[in-house]
Each structure stands twice: as structure tokens, then as C-alpha cells.
Amino acid sequence: MKKETGILIAGSLGLFIGLGFFGVRKFLLKKSKEYNDYYNDFHRHFENKHQDENPDGVEFLAMQ
């Protein structure tokens with residue numbers, strides 16, 4: 001095998017490994033984003049849900 005052929009094979013192999021690594025990373029980040037989009041608000045129990053409907057504070061609502 002000539003030196004140039006070895007360099008081309010090594011370069012193409014490195015390119016494919018790099019693209020594969022970034023592809024797997026992007027796939028896993030997408031899965032993580034889908035998980036976070038779904039479970040993002042469960043720990044806050046949708047606290048901002050009613051805030052938009054009535055901007056008055058809790059103290060005002062307690063006095064009604």
C-alpha cells in the first residue's frame with residue numbers, strides 16, 4: 001500500500017468516525033430534549049397556568 005493511499009484511508013476513516021460520533025451525540029441530545037419538553041413542568045405542577053388568567057396576588061384572592 002502506498003503512503004498516499006494510507007493517508008486517504010486514515011483520513012476518510014477519521015471523517016466517518018467523527019461524523020458518527022456527532023450523529024450519535026445529536027440523536028441523544030434530541031431524545032434528551034424531547035424528555036425535558038415533556039417532563040419539564042411536572043416538578044412545578046404547572047404553577048404559571050393560572051397566573052396569566054388572574055394577575056392578582058394570593059393575598060388579594062384570600063380577601064375575596
Side-chain angles (χ1 to χ4, degrees):
M1 184 164 32
K2 293 184 179 180
K3 189 175 187 179
E4 294 85 12
T5 308
I7 291 172
L8 288 175
I9 290 174
S12 61
L13 185 62
L15 178 67
F16 287 129
I17 289 173
L19 289 176
F21 174 74
F22 286 117
V24 168
R25 184 173 176 255
K26 187 171 185 170
F27 174 76
L28 292 176
L29 287 176
K30 180 183 175 197
K31 288 294 182 184
S32 177
K33 185 176 184 281
E34 289 174 359
Y35 177 84
N36 286 336
D37 285 345
Y38 185 74
Y39 290 107
N40 181 352
D41 228 7
F42 284 130
H43 70 283
R44 289 181 280 170
H45 302 292
F46 304 101
E47 66 183 8
N48 293 331
K49 181 178 174 184
H50 301 291
Q51 189 175 11
D52 296 335
E53 296 171 4
N54 192 357
D56 299 326
V58 174
E59 294 85 6
F60 177 76
L61 294 175
M63 296 299 289
Q64 288 183 350

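With sequence neighbours excluded, the residues forming a side-chain contact (heavy atoms from CB on, under 4.5 Å) with Lys30 are Glu34, listed by chain and number.
Under a 4.5 Å side-chain heavy-atom cut-off, the cluster of Ile, Leu, Val, Met, Phe, Trp and Tyr residues that includes Phe22 is completed by Phe21. Membership of an apolar cluster is not assigned to Leu8, as no side-chain contact below 4.5 Å to another ILVMFWY residue is traced.
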